[in-house]
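Beneath this line is the structure, given in structure tokens, with notes to follow.
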There are 2 protein chains.
Amino acid sequence: MATTHDLSGKDLEVSGERFWVSYRLDASSEEEANARAREIAVEQTVEFPEDLIPPGAIVDHIIGKVHQIEKDAEGFFVAKLSYAVEVTGGDITALLNVIFGNSSMKKGLRVEGVDLSPALAERFSGPRYGRAGLRELCDAHDRPLLCTAIKPLGLSNKELAALAYDFALGGIDLIKDDHGLADQPFCPFNDRVKRCAEAVAEANAKTGGKSRYIANISFDAVNLPERAAYARSVGVGGLLAAPGLLGFATVKRLADEEAVALPILAHPAFLGSFVVYRDAGIAPGLLFGQLPRLAGCDITIFPNHGGRFGFTKADNQAIADGTKKDLGGFIAPSFPSPAGGLNLARIDEIKTIYGNDAVILIGGDLHRGDDLIARCKTFREAVSR
Amino acid sequence: MATTHDLSGKDLEVSGERFWVSYRLDASSEEEANARAREIAVEQTVEFPEDLIPPGAIVDHIIGKVHQIEKDAEGFFVAKLSYAVEVTGGDITALLNVIFGNSSMKKGLRVEGVDLSPALAERFSGPRYGRAGLRELCDAHDRPLLCTAIKPLGLSNKELAALAYDFALGGIDLIKDDHGLADQPFCPFNDRVKRCAEAVAEANAKTGGKSRYIANISFDAVNLPERAAYARSVGVGGLLAAPGLLGFATVKRLADEEAVALPILAHPAFLGSFVVYRDAGIAPGLLFGQLPRLAGCDITIFPNHGGRFGFTKADNQAIADGTKKDLGGFIAPSFPSPAGGLNLARIDEIKTIYGNDAVILIGGDLHRGDDLIARCKTFREAVSR
């Protein structure tokens with residue numbers, strides 16, 4: 001008895017709706033670029049020798065389609081592919097897998113952009129607050145928002161809460177845990193977030209301000225939503241989550257959770273390898289702009305150009321674009337949050353890139369001089385100019 | 001009133017126990033390498049201007065220490081740093097953040113290796129089954145294990161189960177979902193895993209074999225442990241999980257969960273950007289060898305050299321080493337699982353790298369010819385030689 005199987009997909013039904021992914025390819029000729037694009041279309045879907053799939057629904061619908069190949073300004077070929085929306089199952093993990101799962105292991109290939117279709121976009125509720133909601137929460141309508149971090153790691157919860165208190169007195173809108181603060185024995189999570197939330201509330205009572213304390217939730221996967229709900233119950237004003245460490249789906253789950261319902265700040269930790277070389281990985285505008293927004297993040301933190309990381313002004317502009325561009329259906333714009341060794345002297349320059357639509361994150365530089373509160377007020381005045 | 005704060009860490013208490021991370025650095029002189037190593041030590045811990053931290057416990061214990069810098073065979077500098085075990089809080093997410101969180105965004109820097117200390121290693125239970133346990137489960141004591149995938153994506157659950165049945169009849173030990181199979185409308189998860197588990201059990205009843213069906217769990221973050229427990233309840237024999245998509249902590253959680261207690265196969269999807277360039281990211285032996293093992297994976301799948309991904313024989317050897325080398329405390333060895341376009345003709349060559357201690361994964365090539373079962377038997381004979 002022969003044991004061949006019908007691999008044509010005879011029972012397959014799909015809607016015909018497709019979504020779009022652009023890949024930038026390193027290739028020496030249009031012919032090679034075509035071959036590489038075709039290879040991606042197969043790798044990212046059936047991952048199976050094409051000659052073994054008979055004509056039928058799988059060939060017609062499941063294997064990715066190459067629609068167009070063009071050269072970009074830098075001489076790379078950019079291939080535009082489409083995939084059936086059904087191949088993702090509507091989930092962000094499966095979506096990322098279709099976009100770049102196995103192909104992430106190929107040299108000279110970068111994901112440039114993604115355009116969802118309406119049915120797929122509908123599966124993503126996006127940022128719960130977004131730009132407009134955060135401006136309401138912080139009562140900050142016509143200026144960039146201010147953000148800083150309580151640190152260095154190694155301080156006690158009491159010391160961290162004292163810092164948070166002074167930052168709130170100084171008028172910082174979002175006072176976040178440094179992303180290295182997890183659940184260390186010298187600054188345990190539950191105690192820390194309660195103390196810091198209380199300290200910020202106390203300062204707000206004194207100033208009439210609306211500062212918010214943002215707790216870092218990027219550790220351990222057990223009881224993550226419960227931990228986030230606890231944070232909310234003690235008055236935490238938002239969560240810091242690193243999609244590179246937790247996974248985009250876990251961050252999305254936190255953002256979507258009704259028992260949490262807090263603004264989410266995406267941190268770039270552990271995502272750097274996707275952007276450190278220009279001809280590989282995922283384009284910065286997609287990785288730090290569109291994707292965290294799709295995962296429900298209200299704010300996306302990333303290195304500003306000219307700091308200690310190798311980002312360019314064009315990268316920053318692309319990220320800012322990714323926080324607001326159309327994603328194929330209504331998904332609220334998020335705030336870009338430039339960071340990475342920024343200082344007060346650079347605020348005017350930062351505003352030339354982002355205008356008022358940014359959350360400016362300054363860390364260590366606020367500690368220069370002998371009056372932290374005064375320095376925060378200077379920061380506030382500088383962004384409001 | 002001056003509002004300066006004491007940032008020396010006066011209340012800090014740490015055990016003094018440290019763990020080790022090696023970084024390979026691109027630098028033009030030993031002086032530059034030293035400066036870069038020092039920069040990492042600060043970036044990965046306090047992320048704060050050093051001149052603003054007064055002498056005290058934070059400088060003495062929390063900031064990473066640079067112990068040694070040497071040139072490797074390729075002319076790169078390798079810096080050995082240590083960190084206090086307490087900075088991680090004992091959690092894999094925080095550990096990865098300390099190892100490479102922000103520094104992932106720096107060019108010309110690769111994480112080479114990690115050595116845990118006993119107290120830190122104790123926090124990781126490692127693979128539940130490991131090599132010895134899997135050999136027991138599969139009753140395969142003196143040969144490599146065999147693995148294949150049911151695919152292509154686009155088949156119905158009935159068709160996928162029929163494939164699983166024939167693979168089991170042919171003597172394949174581990175019959176896994178293709179990693180693109182998620183919860184698509186044309187192959188919904190619950191129905192698929194039940195049908196496939198039943199098909200493999202039926203084939204086992206016929207042959208007396210011990211084939212196991214491995215369900216892909218790498219989608220959506222909501223109810224993941226519940227979904228895994230359901231898979232177990234319908235007879236699934238293991239789970240396929242992609243740490244690059246789900247996050248290492250989520251995979252570890254699945255591995256540690258007593259209500260699941262299934263072998264875990266790590267899939268490399270979405271991890272490629274960490275290894276695609278040799279002077280950036282994370283060394284393959286660490287990324288595909290040590291880290292999945294630390295996250296409790298019993299098997300780690302990765303591209304074999306000479307296939308359609310650019311891996312070298314040395315990478316494969318490093319991964320195999322990472323699946324068994326000492327991690328600073330007892331953590332069971334896992335199985336390396338070379339894959340990526342392998343075919344029957346390459347089995348002898350594969351065995352020269354891994355000996356019998358591997359799970360050899362062949363996908364599409366098993367479908368060549370007109371008798372799938374016979375071809376599986378040939379595969380089984382070839383690995384048993």
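Convention: sequence-line order gives letters A, B, ...; per-chain numbering from 1.
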Mutual orientation of the aromatic rings belonging to Phe274(A) and Phe270(B) [parallel < 30°, tilted 30-60°, perpendicular > 60°]: tilted
Which atoms of Thr250(B) approach chain A - backbone, side chain, both or neither, heavy atom under 4.5 Å: both
Flag, side chain of Lys151(A) to backbone of Glu47(B), donor-acceptor distance under 3.5 Å: yes
Toward chain B, the part of Val275(A) with a non-hydrogen atom under 4.5 Å: neither
With sequence neighbours excluded, residues passing salt bridge (Lys or Arg N to Asp or Glu O under 4.0 Å) with Glu43(A): Lys106(A), Arg308(B)
All pairs passing side-chain hydrogen bond (donor to acceptor under 3.5 Å, both in side chains) where residues 90-99 of chain A contributes a residue, at least two apart: Asn97(A)-His179(B)
Thr3(A) side chain vs Ile373(B) backbone, donor-acceptor pair below 3.5 Å: yes
Side chain proximity check, His5(B) to Leu160(A), heavy atoms < 4.5 angstrom: no
Chain A contact via Asp178(B) - which portion, at a heavy-atom distance below 4.5 Å: side chain
Backbone of Val87(A) reached by a side-chain donor or acceptor of Gln184(B) within 3.5 Å: yes
Contacting region of Ile62(B) [heavy-atom separation from chain A under 4.5 Å]: side chain
Interface residue of largest heavy-atom contact number with chain B, from Tyr277(A), Phe189(A), Phe100(A), under 4.5 Å: Tyr277(A)
Electrostatic pair Asp51(B):Arg368(A) at N-O distance under 4.0 angstrom: yes
Pro152(B) vs Leu7(A) side-chain heavy atoms within contact, under 4.5 Å: yes
Heavy-atom proximity to chain B below 4.5 Å, by part of Leu372(A): both
